Amino acid sequence: MSPTIIIGWRGARTYSPEETRLAGVEFAGHLKPGNIVGLHGELGSGKTTFVQGMAKGLGLDDQVTSPTFALVHEHGQPPGLYHIDCYRETSLERWRQLGLAEYFSSEAISVVEWAENIAPLLPEKTIHLTFSHGLGRNERTIEVRP
Amino acid sequence: MIVLGIESSCDETAAAVVADGSLRSNIITPQPDHTAYGGVVPEVASRLHELHIIPVVEQALAAAGTSIHDLTGIAATYGPGLAGALIVGLNFAKGLAQSLSLPFIGIDHMEGHLWANFLQDPPTADSYPYLCLLASGGHTHLWRVDGVGQYTLLGRSLDDAAGEAFDKGARLLGLGYPGGPAIEAVAEKGDPQSVDFPRPMKGSPKCDFSFSGLKTALYHHLRDLSESQQLKRQRHIAAAYQEAIVDSLLDRLQQGVRLTGLSRVCVAGGVSANARLRNRLDDWAASENLSISYPPLEFCTDNAAMIAMAGYVRLQAGDRSSLDLEVKPNLSLADHSRPSQTSQGHAQG
């Protein structure tokens, strides 16, 4: 069973940050408690913007900002979304010590930016999305990795 | 009053002692290089910081020339930060307070940053109100500070922090880490007007910041150049990119001054080390007759001195936390501080 079938979301091509946010809202509508989402893509390809939409789609009105330095931002009380960022910290041991498994085993959605940096720690059921810049300045393609 | 402060919200395990309003010690232990343990982390360090908390506290007490029995108060960060990291420092502090029967106070990490300003010169009645721009890798916030526990968030970054914009820009430009100093060094011989990068939020009536679009603009600018052109023009692009960040920070700070009418400004956080930013800010402050200060950098990065100082002023003011206090990873100072009367138009709580 591929993740594409599980979530029933086909990806998106967007032409503005607002559209990328909307795609995140739409994507979040397909998620179930405890889902883990890995995001892949270059700098500036829309990952954090997409997560802003996901939070909105999950009914969280928190301000979502980049967790690059904080490593993890929790949203909601009790947490409904763990926004994890592996850009800066790439040591698997450090992530284990930070309790990554605890985030992943909760009822909340976990979304992981730069997921490729901790690939061995991601459960098999992780849904992977790939972000890429298009030819136009604001064009982005978001694909579900089969 | 002698207060021990403990900070473990992210990477660092840190402890400090503040006695009668002055800093006596400030110890930060970076997380261990795993090669030091032959690549194997001892079982005891199942959580980040567990290995370091006791030695760091012992060092802070020794460096302050004090013993655990001289302490009269304990403070620790309880949020925001990483749950698994915060819990180590907070539980240690609560256990210590309980066993020594000492007053205990949980400190918001962000409140600590606002008190870093007074680690060299303790506050006086004339110190308030002031504006504090905190610009680091993790935060870009503009605060109004009216006194102990009276903080108003005027604006914050809606996406990336200013320091993050430097770091990610440096990576796009093929420069080193940390990105701030790397960009600054290359930009020195560049023309800041060479590329017209956007100034997100410029002219906005609020004081919020945004740096994500700037990073994307840099990506696109570089993508349109060949590799040799990128190298040839690197110093100019770096200078223009730096100028866009500096311009944005200055513009938002100017808006904060316009909105509040305050004349005291403090600029903290790692980004405040940037020489171009300081030149521009100093020129502006001189022309507008503002007083501007920059806390030493060692107090701007995550440290326990600021937590001990915030704990000291809060305990002095009679504030206490229950020993039932739990970590709050998504704590927001704007939600639990008392905004000032003047800035919010209603009586303080």
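Keep in mind the model is a prediction, meaning the values are calculated, not measured. Below, chain A is the first sequence line, B the second, and so on; all start at residue 1.
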Test side chain to side chain contact (heavy atoms under 4.5 Å, CB included) applied to A:Gln63 and B:Arg156, step by step: CA-CA 10 Å; A:Gln63 199 156 32; B:Arg156 59 177 290 191; 3.2 Å; yes

Whether over 12 other heavy atoms sit under 6.0 Å from B:Ile54 CD1: no

For the student: nearest non-hydrogen atoms of A:Gly136 and B:His220, plus distance: O-CE1, 4.0 Å

Salt bridge present between A:Arg88 and B:Asp167 (N-O < 4.0 angstrom): no

Side chain to side chain contact (heavy atoms under 4.5 Å, CB included) between A:Ser66 and B:Asp160, intermediate numbers included: CA-CA 5 Å; A:Ser66 168; B:Asp160 298 357; 3.4 Å; yes

For A:Thr65 against B:Ser157, the heavy-atom pair lying closest together: CG2-O, 3.4 Å

Segment of B:Lys168 engaging chain A (4.5 angstrom heavy-atom cut-off): both

Enclosure of A:Asp61 CG (heavy-atom neighbours >12, cutoff 6.0 Å): no

Audit row: B:Leu158, A:Gln52, side chain to side chain contact (heavy atoms under 4.5 Å, CB included) steps and yes/no: CA-CA 10 Å; B:Leu158 303 176; A:Gln52 290 175 341; 5.7 Å; no

Side-chain heavy-atom pair A:Arg140, B:Thr216 within 4.5 angstrom cut-off: yes

Segment of B:Asp224 engaging chain A (4.5 angstrom heavy-atom cut-off): side chain

Neighbour count above 12 (heavy atom, 6.0 Å) for A:Glu18 CD: yes

Pairwise side-chain contact, B:Leu82 with A:Val72, heavy-atom cut-off 4.5 Å (strictly under): yes

B:His221 portion near chain A, given a 4.5 angstrom heavy-atom threshold: backbone

Winner by heavy-atom pair count (cut-off under 4.5 Å) against chain A, out of B:Lys328, B:Lys215, B:Glu164: B:Glu164

Aromatic ring pairing A:His133/B:Tyr219, orientation class (parallel under 30°, perpendicular over 60°, tilted between): parallel

Option that, when pairs with chain B are counted at under 4.5 Å, heavy atom only, ranks first among A:Gly99, A:Ser45, A:Gly76, A:Gly44: A:Gly44

Option in B:Gly138, B:Gly84, B:Ser9 with maximal non-hydrogen atom pairs under 4.5 Å from chain A: B:Gly138

Which atom of B:Cys10 lies closest to which atom of A:Ala70, heavy atoms considered: SG-O, 4.1 Å

Side chain to side chain contact (heavy atoms under 4.5 Å, CB included) evaluation trace for B:Asn330 with A:His75: CA-CA 7 Å; B:Asn330 56 359; A:His75 296 288; 5.9 Å; no

Any donor-acceptor N or O pair under 3.5 Å, side chains B:Arg171, A:Tyr87: yes

Heavy-atom contact with chain A under 4.5 Å, split by part of B:Ala161: neither

Which of A:His73, A:Glu42, A:Gln77 touches chain B most, by non-hydrogen pairs under 4.5 Å: A:Glu42

Neighbour count above 12 (heavy atom, 6.0 Å) for A:Arg13 CZ: no

Chain B contact via A:Leu135 - side chain, backbone, both or neither, heavy atoms under 4.5 Å: backbone

